[in-house]
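Working notes, structure below.
Per chain, numbering begins at 1; letters A, B, ... match sequence-line order. All values below come from the heavy atoms of this structure, side chains included, with hydrogens, waters and symmetry mates left out.
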Amino acid sequence: MNNIEQSLITDIENILDEKYGIKEENLVMIEIPKVNTNGDYSSNVAMRLAKSLKKAPQIIANELKEELIKSNLIEKIEVAGPGFLNFWIKRDELAGVINKILEQKEKYGENNAGEGTKILVEYVSANPTGDLHLGHARGAAWGDCICRILNKSGYDCLAEYYINDAGVQMNNLGLSVYARYAEQFGVKVEIPDDGYHGPDVAQIGKELAEELGDEWLTKEDGRVEFFKEIGRKKELDKIERDLDLFRVHFQSWISEQALYDSGRVDECIAEMARLNLTYEKDGALWFKTTNYGDDKDRVLRKADGSLTYFTPDIANHLYKFERGYTKLVNLWGADHHGYVPRMIAAMVAFGFGPKDLEIDIIQMVRLVEDGKEVKMSKRSGNAITIRELCEETSVDAVRYFFVSRAVDTHLDFDISLARKRTSENPVYYAQYAHARICSILRQANDVEQLEKYDLLTTEKEVDLLKCLNEFTSVVADAAVTRAPNKICNYIQKLAGYFHGFYAAHKIIDDTNVNLSNQRLNLLKATKITLANALDLIGVNAPEKM
RNA sequence: GUCCACGUAGCUCAGUUGGAUAGAGCAUACGCCUUCUAAGCGUACGGUCGGGGGUUCGAAUCCCUCCGUGGACGCCA
């Protein structure tokens, strides 16, 4: 990594080491000041050292300035305010990023923040008993983007879906599917109270009636098993198709039932007993999660002999570590947040670190149209599905909107806004910038990459160059903090700087070929960076609009 | 009731190991197309960072308290 920020940090760290013998990671921070009268970059390191060095921050800043000014990156340094170091970078150094981008192309933005960490991201994991809805869509968008960002940042990332296909609910699914199937032949069978009454199950019943005929009406042997299995398969196929439409693809699907069948669940219980983590009380088997930060102990095996949801889920998580993943990330709905401490406690009980499993909580989505909350689909009268949402607006808009806000905040998804093709809609704003660049490049002669970009010195050009320089560290930061919304913020900023630059300057100019060619290369670099950023959130970068 | 999130401009939100005058976009008002995409650009307006207290050179950020919103408190999944 040799971007400007990183070079500045390294320079300062070296000086601190030589001059004061200070070696401390993450001490030196570089930021881009809000106003450009405070430099291209600035650092507060002198203020942070004031206490330990027992010197006024301004004095430290001036001492650092003496040394730093020797750097060939820097045009000018000022010590300002309470002790900030403000840096102005040589213009041709800033522009060096253009050739870097032109050479790296779709690889620009790659970084090694993850240092090869094997990380497993589990998300969506909706039960195969119905369609994917709003909340799932937000989770799917978030998880997919996180994986893209992690992969770009030197993590070895696996996207996994945990299928809750064991237990009572699957039985209920089987019974419900059978009831709907029988209904097609005029035979009335009760759907269990906690069964599935929705239109998707009715649809499956109808399909099965057509495919299979009435043979199962009379055949009782293995009927529930059969309908359970086929219901599961059909529901999962549907989920996979909807996710595919949403451009989300899992590399791994883990079945809860398979964890039972392979004996992993039993092994897990046996291992907990060996580690003395369990006890019997009131006929049930309990896990001493309170010893590891939970607020009460939890039941693993109920008095009726069946296991709780918790037990196979522990086996599920242990299996992730077993496969060599050293970092686990889950995305859970807000309604599961009470479940977080016990799962972490379970992993800690098995000797893993409290940060080896991190669970991000996704907040609720409200659907809004014309200022009013929309609860149900107008088309079907039921809860709105992910497919319906994408068809009503667009995959690009849905993905962008869901990912552009931090996951832990409540989100209003404004359908009318998502449909708009104006600057009110941030997706179009960014895509329009890309299309605009493509249009200009189509009309210009193709230019080779240049040795120098010494003519790109106006405020708009410098803003754009600084923004391009920033991309790699934005990606790295988004990966480490698992915040795809930071990529969206970056996209808006980059698109904004481009539009500003475009409005201020004529790019294709036959009377000044040198400047024109430098600007065209700046455009090419901007196009690549914008497309790379959009790709990280899975949104298209159109050539024409 | 207990626990967990969240509360920043009219609206939607940025803002992390505490830093300079709290930032965008939208909305509103006014400008800008004989010129590469006006799905754009520019200017203006807009704030007790939910209230109060504390910690210190410095707080939207950390601590306490109160208010408001949402969620969780099963031998459900």
Side-chain angles (χ1 to χ4, degrees), chain A residues 26-27 29 31 33-35 37-38 42-44 47-48 50-51 56-57 80-84 86 127 129 164 166-170 194 256 281-286 295-296 298-310 312-313 333-341 361 363-364 366 368 371 401 404-414 417 420-433 435-444 460 477 481 483 485-486 488-490 492-493 495-496 498-509 516 519-520 523 544-545:
Chain A
N26 301 327
L27 175 71
M29 288 175 8
E31 59 174 16
K34 285 165 201 150
V35 284
T37 51
N38 288 335
S42 78
S43 179
N44 64 350
M47 289 176 302
R48 300 190 65 188
K51 223 165 228 168
F84 285 100
N86 295 338
N127 295 350
T129 53
N164 300 137
V168 194
Q169 45 163 359
M170 290 315 285
D194 41 5
E256 180 185 7
K281 194 183 90 183
D282 304 332
L285 181 70
W286 296 73
D295 56 357
K296 54 177 113 162
R298 305 294 172 174
V299 171
L300 293 168
R301 189 174 54 230
K302 299 176 242 174
D304 70 3
S306 66
L307 301 181
T308 60
Y309 174 82
F310 186 36
D313 208 13
D335 54 341
H336 281 61
H337 97 244
Y339 190 69
V340 173
I361 290 299
Q363 282 297 339
M364 313 289 277
R366 275 189 346 141
V368 174
F401 276 49
S404 64
R405 303 286 174 241
V407 262
D408 57 6
T409 58
H410 302 243
L411 176 83
D412 284 349
F413 183 91
D414 185 334
L417 179 59
K420 273 190 192 157
R421 307 183 147 237
T422 69
S423 59
E424 287 171 67
N425 184 339
V427 190
Y428 282 97
Y429 184 78
Q431 292 183 321
Y432 182 60
R436 217 176 197 186
I437 294 172
C438 292
S439 168
I440 298 165
L441 291 175
R442 275 194 297 273
Q443 292 168 66
K460 303 285 186 192
D477 181 42
T481 55
N485 55 305
K486 290 181 177 170
C488 292
N489 293 341
Y490 178 80
Q492 291 304 306
K493 209 164 112 182
F498 162 70
H499 285 307
F501 163 68
Y502 170 88
H505 302 300
K506 175 96 178 141
I507 291 148
I508 302 172
D509 182 359
S516 183
R519 284 181 172 162
L520 283 167
L523 278 203
K544 280 183 183 171
M545 284 172 81

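Counting non-hydrogen atoms under 4.0 angstrom, A/A334 reaches the backbone sugars and phosphates but no base. Across all strands shown, A/S42 has heavy atoms under 4.0 Å from base atoms, whether or not it also approaches the sugar-phosphate. Using a 4.0 Å heavy-atom distance criterion, A/A80 is classed as a base contact. Within 4.0 Å (heavy atoms only), A/H499 reaches sugar-phosphate atoms of the nucleic acid but no base atom. Within 4.0 Å (heavy atoms only), A/T308 reaches sugar-phosphate atoms of the nucleic acid but no base atom. Among the heavy atoms of the strands, none lies under 4.0 Å from A/F310.
Considering only the side chain of A/Y432, B/A38 comes nearest among B/A38, B/G74, B/G71. Closest contact between the side chain of A/K296 and the listed nucleotides B/U12, B/C41, B/G74 involves B/G74.
Taking the nucleotide of RNA chain B with the nearest heavy atom to each of A/N489 and A/G338, the more 5' of the two is matched to A/N489. When the nearest nucleotides of RNA chain B are assigned to A/V299 and A/R48 by heavy-atom distance, the more 5′-ward of the two goes with A/R48.
Comparing the C1' positions of B/G51 and B/U69 gives an interatomic distance of 16 Å, to the nearest angstrom. Nucleotides B/A44 and B/G23 place their P atoms 14 Å apart, quoted to the nearest Å. If you take atom P in B/U37 and the same atom in B/C26, they sit 22 Å apart, rounded to whole Å. Spacing of C1' atoms, B/A22 relative to B/G58, comes out at 15 Å, to the nearest Å. B/G52 and B/A5 have their P atoms separated by 23 Å, with the value rounded to a whole Å. A gap of 15 Å separates the C1' atoms of B/C11 and B/C45, to the nearest Å. For B/C41 and B/C33, the C1' atoms lie 11 Å apart once the distance is rounded to whole Å. B/G47 sits 14 Å from B/A24 when the C1' atoms are compared, rounded to a whole Å.
For a distance-only test at 3.5 Å, the side chain of A/N86 qualifies as a donor-acceptor partner of the base of B/A20.
Applying the Watson-Crick and G-U wobble criteria (two distances, each under 3.5 Å), B/G1 pairs with B/C73. Pairing partner, B/A20: none, since no Watson-Crick or wobble contact has both distances short of 3.5 Å. In this structure B/G68 sits in a base pair with B/C6, meeting the Watson-Crick or G-U test at under 3.5 Å. Pair assignment for B/U28: B/A44, on the basis of Watson-Crick or G-U wobble contacts that are both within less than 3.5 Å. In this structure B/U35 sits in no base pair that meets the Watson-Crick or G-U test at under 3.5 Å.
What separates CE of A/M29 from P of B/G15 is a distance of 15 Å, to the nearest Å. Nucleotide B/A77 holds its P atom 9 Å from the CG atom of A/L307, rounded to whole Å. Atom CG in A/L523 sits roughly 15 Å away from atom C1' in B/G40 (whole-Å rounding). The separation between A/K493 atom NZ and B/G23 atom P is 14 Å, rounded to whole Å. Whole-Å rounding puts the A/K506 NZ to B/C33 C1' distance at 13 Å. Following rounding to the nearest Å, A/I508 (CD1) and B/U37 (C1') show an atom-to-atom distance of 12 Å. With rounding to whole Å, A/W286 atom CH2 is found 10 Å from B/G74 atom P. Rounded to whole Å, the distance from CG on A/N127 to C1' on B/C76 is 11 Å.
A donor-acceptor pair is defined here as one N or O able to donate and one able to accept, closer than 3.5 Å; no such pair exists between the side chain of A/Q492 and the backbone of A/C488. With hydrogens and angles ignored, the 3.5 Å screen pairs no side-chain donor or acceptor of A/Q431 with any backbone N or O of A/M545. Between the side chain of A/D282 and the main chain of A/A284, no donor-acceptor pair closer than 3.5 Å is present. A/N86 places no side-chain N or O within donor-acceptor distance of the main-chain N or O of A/S42, the cut-off being under 3.5 Å. Not a single donor-acceptor pair under 3.5 Å links the side chain of A/E256 to the backbone N or O of A/P312. A donor-acceptor pair under 3.5 Å is formed between the side chain of A/S516 and the backbone N or O of A/I507. Of the possible donor and acceptor atoms, none in the side chain of A/T308 sits under 3.5 Å from a partner among the backbone N and O of A/R301.
Taking side-chain N and O atoms only, A/Y502 has no distance below 4.0 Å to OP1 or OP2 of B/U35. The shortest distance between the side-chain N/O atoms of A/K460 and the OP1/OP2 oxygens of B/G42 is below 4.0 Å. Listed pair A/K302 / B/C76 meets the phosphate criterion, a side-chain N or O lying under 4.0 Å from OP1 or OP2. Considering only side-chain N and O atoms, A/R436 lies under 4.0 angstrom from the phosphate OP1 or OP2 of B/A38.
Glycosidic conformation at B/C63 (O4'-C1'-N9-C4 for purines, O4'-C1'-N1-C2 for pyrimidines): anti, more than 90° from 0.
From A/D313, atom CG reaches atom OH of A/Y339 across 4.0 Å, with rounding to the nearest 0.5 Å.
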Where protein sits on nucleotides 5-10 of chain B, one letter per nucleotide: B base, S sugar-phosphate only, - none, heavy atoms under 4.0 Å: S-----
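Side chains of A/R366 and A/D412 form a contact here, defined as non-hydrogen atoms less than 4.5 Å apart. Using a 4.5 Å heavy-atom cutoff, the side chains of A/L523 and A/F501 are in contact.
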